[in-house]
Amino acid sequence: EFNIYGHDEL
Amino acid sequence: MNIFRGIADFSHLAAIIILLHKIWKSRSCAGISGKSQILFAIVFTTRYLDLLTSFISLYNTSMKVIYISCSYATVYLIYMKFRATYDGNHDSFRVEFLVVPVGGLAVLINHDFALLEILWTFSIYLESVAILPQLFMISKTGEAETITTHYLFCLGLYRALYLFNWIWRFYFEGFFDMIAIVAGLVQTVLYCDFFYLYVTKVLKGKKLSLPA
């Protein structure tokens, strides 16, 4: 699971 | 969020605040690479554009806003307010040798060929090498103030802890992001030499100076 348009990591 | 990620984020925050505080208190940015700080400002700006498109959590939004604001404040202090103390002659790393290849790589290797995603990828790649002008400056002058080494240590610790965070997330959440992991590894490796000097010199109360 990757490439979400909000990235939860900083 | 796991413990590694939590400590990493606060270590990152500590690094940023240590640097701002050092410049503000000493009214000087001597020994600090303005080029590295501009690169970090670009990193945060291109990475956190998702602030405009999606909301993840209050924590996430606040940290992103704090990181961006502090990095611009740092650049302002170096290039405007305390410009007279900026050691431009020693800050001679050619940043175009980083930005151009990193930009090309982000266009070639990304998760999705979309503007926001390419900018995010660019920021991940750029962050991994953004400290090079600062390390180059230290190697050129052969020394660093102790407070500058604390800054670098916190910054390196943040990236090293993210590696543990990714191992954790892979095992417990099945999550991994190859782009972030490879860039994070590169970034951490760049700090290894410095970590060694930090432990063997600075933690024993000596100033960090390199043999001529």
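In what follows, every chain begins at residue 1, and chains take the letters A, B, ... in the order their sequences are listed.
Salt bridge present: A:Glu9 and B:Arg169 bring a charged side-chain N and a carboxylate O closer than 4.0 Å.
No more than 12 heavy atoms of other residues, nucleotides or ligands lie within 6.0 Å of CD1 in B:Ile3, so this atom counts as exposed by the packing criterion. The number of heavy-atom neighbours closer than 6.0 Å to CZ of B:Phe164, taken from other residues, nucleotides and ligands shown, is 12 or below. Within a 6.0 Å radius of CZ in B:Phe55, more than 12 heavy atoms belonging to other residues, nucleotides or ligands are found. The environment of B:Arg27 atom CZ is dense: over 12 non-hydrogen atoms of other residues, nucleotides or ligands sit within 6.0 angstrom.
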### Task
Quick one: do A:Leu10 and B:Tyr158 satisfy side-chain contact (heavy atoms from CB on, under 4.5 Å)? Show the steps, please.
CA-CA 11 Å; A:Leu10 300 167; B:Tyr158 137 70; over 6 Å; no

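Listed options B:Phe44, B:Tyr48, B:Tyr59 were ranked by heavy-atom pairs under 4.5 angstrom with chain A; first place goes to B:Tyr48.
For chain A, no part of B:Asn110 is nearby; none of its heavy atoms comes within less than 4.5 Å.
The distance from the NE2 atom of A:His7 to the CG atom of B:Leu51 is 12.0 Å, given to the nearest 0.5 Å.
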